[in-house]
2 protein chains.
Amino acid sequence: MRLDRVDERIIAILGADARTSFAEIGGRVGLSPSAVKRRLDRLVESGAVRGFTVVVEPKAVGWTTEAFIELYCRARTSPSEIRQGLEGYAEVTSACTVTGDADAVVQVRARDTQHLEQVIERIGAEPFVVRTKSTLVLSRLVDRPVLAGASEVSGNG
Amino acid sequence: MRLDRVDERIIAILGADARTSFAEIGGRVGLSPSAVKRRLDRLVESGAVRGFTVVVEPKAVGWTTEAFIELYCRARTSPSEIRQGLEGYAEVTSACTVTGDADAVVQVRARDTQHLEQVIERIGAEPFVVRTKSTLVLSRLVDRPVLAGASEVSGNG
DNA sequence: TGTGAAAACTCGGGGTC
DNA sequence: GACCCCGAGTTTTCACA
């Protein structure tokens, strides 16, 4: 779907606070509340906006450990096979196939290093995994769940 | 802050859909709407819940390229120096210091490979950066912005 | 924590440009 | 095709018990 400037501004506003009311958004982008709603409905309908969620501070919820796990897979392992193998793990926050030595990079969050170790072992035991290489996150510097303001700067390229 | 089971369930429900009404949540966790609101207010107040946001499908917004950039920094570069250098980039979605060969891992999203190349060049030119090593994301397999259902399974470890 | 009432918001229909 | 206005129904909010 094609987004215009107003759509992008609506997304940027909701990215900062998804509970902003239609009236408030309308006031900022120069549209009536119902026009904003119609646009948002279309954005959700078309899949540009996948949904609405809370941003949790994992430390505050007791999940203090974070890591990247690089996966080296068996020859001819398909991406969908990897996805199916990983989506059952609640600890996996993100996974993707990549260029370079490894076949995939998995990001996990765990309560502590002991919990992380268990997760690495379990993932390493998946049938399509040959070996893993883990990198522990020391401290998080930047964390922008949504492209905060990305649409604002999308003209600079 | 200390979360009890009900708080965790409220977060899990909002993680799946942040627009779920207090009445709906209350019905599921066995609380009145106002009790749910009071708990959520406390969670936001305490910082356990950082905010509410939309989940955007970056492809649909025209950002089709994603990469990991490993940073090798000058000796004695502090994490806060890296953070300050990176937080100005709208393309940076996440950054953290890590164990292993590299000092930090930066995740970026760009419109296309050309745009990505520019970002890599600009980051590589930061004074604290000695060299970078980039890994392009081929296909995204799992993407859970919040620990979807993490609290539901937090007992198994 | 629950109750209840006032205020704010959402949502859909009808009409206009 | 996209917008605005407006009314009915729902949700949020807040004082009080």
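Bear in mind the structure is a predicted one, so any value in this text is a computation, not a measurement. Below, chain A is the first sequence line, B the second, and so on; all start at residue 1.
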Round to a whole Å and report the spacing from [atom1] of [X] to [atom2] of [N].
{"X": "Leu40(B)", "N": "dT1(C)", "atom1": "CG", "atom2": "C1'", "answer": "16 Å"}
{"X": "Leu3(A)", "N": "dA2(D)", "atom1": "CG", "atom2": "P", "answer": "13 Å"}
{"X": "Leu31(B)", "N": "dT11(D)", "atom1": "CG", "atom2": "P", "answer": "17 Å"}

Any side-chain donor-acceptor pair under 3.5 Å between Arg28(A) and Thr20(A)?
->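 Looking only at side-chain atoms, Thr20(A) and Arg28(A) do not form any donor-acceptor pair under 3.5 Å.
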Taking the six-membered ring of Phe52(B) as reference, does the NZ or CZ atom of Arg19(A) fall below 6.0 Å from its centre and within a 45° cone about the axis?
->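 Yes.
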A correct 5'-to-3' footprint of nucleotides 10-17 of chain C, with B, S and - meaning base, sugar-phosphate only and no protein heavy atom under 4.0 Å, is SBB-----
Would Arg39(B) and Asp4(B) count as a salt bridge (charged side-chain N to carboxylate O under 4.0 Å, His left out) if you check the C-alpha gap in whole Å, the side-chain angles of each, and the deciding distance to 0.1 Å?
-> CA-CA 10 Å; Arg39(B) 276 171 179 266; Asp4(B) 66 12; 3.1 Å; yes
Are more than 12 heavy atoms from other residues, nucleotides or ligands located less than 6.0 Å from atom CD of Glu117(A)?
-> no
Hey, what else clusters with Val137(A) if you join Ile, Leu, Val, Met, Phe, Trp, Tyr whenever side-chain heavy atoms sit under 4.5 Å?
->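 In the cluster with Val137(A) are Phe68(A), Val98(A), Val105(A), Phe68(B), Val98(B), Val105(B), Val137(B).
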